[in-house]
Amino acid sequence: MNIKGKLAIVTGASSGIGLATVHALLENGCRVAGWSRRDPNIDHPEFYFVPVDIQDSVAVAKAMEETLAEFGNVVDILVNNAGIGIFDLMENLSLEDWQTMFNTNVNGLFYATRLVLPLMKAEKRGHIVNIASIAGLNGIAEATGYCATKFAVRGISQALYQEVKKENIKVTCVYPGSVNTAFFGQYEGITANDTMLHPNDVADMIIHILRTPDNFNTLDVEIRPMNVRYS
């Protein structure tokens with residue numbers, strides 16, 4: 001499918017996979033609204049930055065209003081990328097850490113998705129891409145909370161697909177292994193390196209998924225790096 005001219009919203013657009021996905025979408029002719037707390041400083045005529053805290057449902061609603069005011073009332077693509085991981089033994093996680101992960105990784109996805117669904121249903125088309133993690137497929141020691149959120153993303157994606165496929169809306173859940181981003185800066189014992197997946201390569205996979213034929217839905221995509229201990 002040709003995605004040129006389509007409007008895409010990307011959450012967590014200021015770094016990592018989100019930033020790479022914004023660039024890839026722009027390169028393929030999309031109009032892009034980048035939602036994040038920090039400005040990615042992208043100078044492109046088809047890019048519009050919307051500052052938002054994805055954990056705040058009111059802020060997300062305002063971000064949607066601002067996006068539609070800028071681009072019109074059609075959203076073709078939503079990439080739910082915003083996420084955070086806090087790693088420790090379960091008994092060492094504070095209530096704040098646990099809630100922050102769920103508010104970002106799960107609630108934020110819900111806040112954004114529930115707002116685009118009526119728009120996509122009105123047009124009888126759309127594609128929602130949820131960025132999970134291999135932590136949504138396998139339990140990982142000292143990542144209990146993070147795994148819980150990504151298993152939730154997996155469940156949401158699979159259930160939502162069943163709800164909206166009759167409306168010609170696609171849902172894809174992407175499960176990357178370790179990616180060379182700043183994400184690992186807080187995970188003691190793991191340093192991001194070039195043997196990991198690269199954000200641009202994950203973004204290219206997302207573009208490939210978005211360009212599949214209208215009658216073709218890729219529900220789950222697991223991506224692993226080669227020769228990495230933490231894959």
Side-chain angles (χ1 to χ4, degrees), residues 1 3 6-13 17-18 21-22 25 30 32-36 50 52 54-61 63-65 67-68 73-85 101-138 145-176 202-203 205-223:
M1 184 184 75
I3 62 174
K6 303 292 187 182
L7 173 60
I9 295 173
V10 180
T11 70
I17 294 172
T21 301
V22 168
L25 288 164
C30 290
V32 182
W35 291 11
S36 54
V50 184
V52 61
I54 201 70
Q55 300 183 55
D56 183 341
S57 62
V58 174
V60 172
M64 181 61 74
E65 290 178 5
T67 299
L68 299 182
N73 290 324
V74 176
V75 176
D76 302 289
I77 299 163
L78 171 63
V79 181
N80 283 307
N81 167 75
I84 187 172
M101 284 189 283
F102 269 90
N103 287 337
T104 303
N105 302 353
V106 182
N107 294 346
L109 180 151
F110 168 69
Y111 299 149
T113 303
R114 67 186 289 271
L115 294 176
V116 304
L117 283 173
L119 301 172
M120 290 181 173
K121 287 184 176 181
E123 298 296 321
K124 291 291 184 180
R125 71 173 191 268
H127 201 148
I128 297 167
V129 180
N130 296 326
I131 307 301
S133 165
I134 59 167
L137 300 171
N138 307 297
Y146 184 65
C147 287
T149 65
K150 293 304 183 178
F151 268 79
V153 171
R154 177 187 179 189
I156 290 169
S157 301
Q158 295 188 358
L160 183 61
Y161 162 70
Q162 297 292 342
E163 291 181 4
V164 301
K165 62 181 180 179
K166 62 183 178 295
E167 305 283 352
N168 201 38
I169 299 170
K170 299 183 181 185
V171 179
T172 301
C173 193
V174 180
Y175 308 88
V202 179
M205 175 62 74
I206 293 169
I207 296 298
H208 173 74
I209 292 164
L210 293 172
R211 295 180 66 182
T212 53
D214 289 341
N215 66 336
F216 186 107
N217 185 79
T218 306
L219 180 55
D220 292 303
V221 178
E222 182 178 350
I223 311 171

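Owing to the predicted nature of the structure, the values given are computational and were not obtained by experimental measurement. Just so it is clear, the values below take in all heavy atoms, side chains as well, and ignore hydrogens, waters and symmetry mates.
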For Leu68 and Val75: C-alpha separation, side-chain torsions, deciding distance, then whether side-chain contact (heavy atoms from CB on, under 4.5 Å) applies. CA-CA 8 Å; Leu68 299 182; Val75 176; 3.9 Å; yes
Walk me through whether Met120 and Ile128 qualify under side-chain contact (heavy atoms from CB on, under 4.5 Å). CA-CA 10 Å; Met120 290 181 173; Ile128 297 167; 3.9 Å; yes
Ile206 and Ile131: CA distance, side-chain angles, deciding distance, side-chain contact (heavy atoms from CB on, under 4.5 Å) verdict: CA-CA 10 Å; Ile206 293 169; Ile131 307 301; 3.8 Å; yes
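The stretch residues 207-218 participates, sequence neighbours left out, in no salt bridge (charged side-chain N to carboxylate O under 4.0 Å, His left out) pair at all. Listed by first then second residue, pairs satisfying salt bridge (charged side-chain N to carboxylate O under 4.0 Å, His left out) with a partner in residues 158-174 read Lys124-Glu167, not counting sequence neighbours.
Val52 approaches Ala59 most closely through the heavy-atom pair CG2-O, 3.5 Å. Considering every non-hydrogen atom in both Ala33 and Leu7, the closest pair reads N-CD1, 4.4 Å. Of all heavy-atom pairs spanning Ser157 and Leu219, the tightest one is O-CD1, 4.1 Å. What you find for Ile54 and Ala82 is that their closest heavy atoms are CG2-CB, 4.1 Å. Summarising the geometry of Gly18 relative to Val10, their closest heavy-atom pair is O-CG1, 3.8 Å, with the distance given to 0.1 Å. The two residues Phe102 and Gly145 come nearest to each other via the heavy atoms CE1-O, 4.3 Å.
At least one donor-acceptor pair under 3.5 Å links the side chain of Asn81 to the backbone N or O of Thr11.
Screening Thr218, Thr172, Thr212 for a side chain to side chain donor-acceptor pair (under 3.5 Å) with His127, the sole residue that qualifies is Thr172.
Among residues two or more places apart in sequence or in another chain, the side-chain contact (heavy atoms from CB on, under 4.5 Å) test is passed with Asp220 by Gln158, Cys173, Tyr175. Under the rule for a side-chain contact (heavy atoms from CB on, under 4.5 Å), the partners of Ala8 that lie at least two apart in sequence or sit in another chain are Leu25, Ile77. For Glu123, the side-chain contact (heavy atoms from CB on, under 4.5 Å) partners are Val74, Arg125, not counting sequence neighbours.
No side-chain heavy atom of Val171 sits under 4.5 Å from any side-chain heavy atom of Ile156. Residues Leu210 and Lys6 are not in side-chain contact: their nearest non-hydrogen atoms beyond the backbone lie 4.5 Å or more apart. For the pair Val174/Met205, no side-chain contact is recorded, criterion being any heavy-atom separation below 4.5 Å from C-beta on.
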Compile the donor-acceptor pairs under 3.5 Å between side chains in residues 104-119 and protein atoms, sequence neighbours left out, one pair per line.
unit_1, atom_1, unit_2, atom_2, d
Thr104, OG1, Gln55, NE2, 3.4
Thr104, OG1, Thr100, O, 2.9
Asn105, OD1, Ile84, N, 2.8
Asn105, ND2, Ile84, O, 2.9
Asn105, ND2, Thr149, OG1, 3.0
Asn107, ND2, Asn103, OD1, 2.8
Thr113, OG1, Asn80, ND2, 3.0
Thr113, OG1, Leu109, O, 2.7

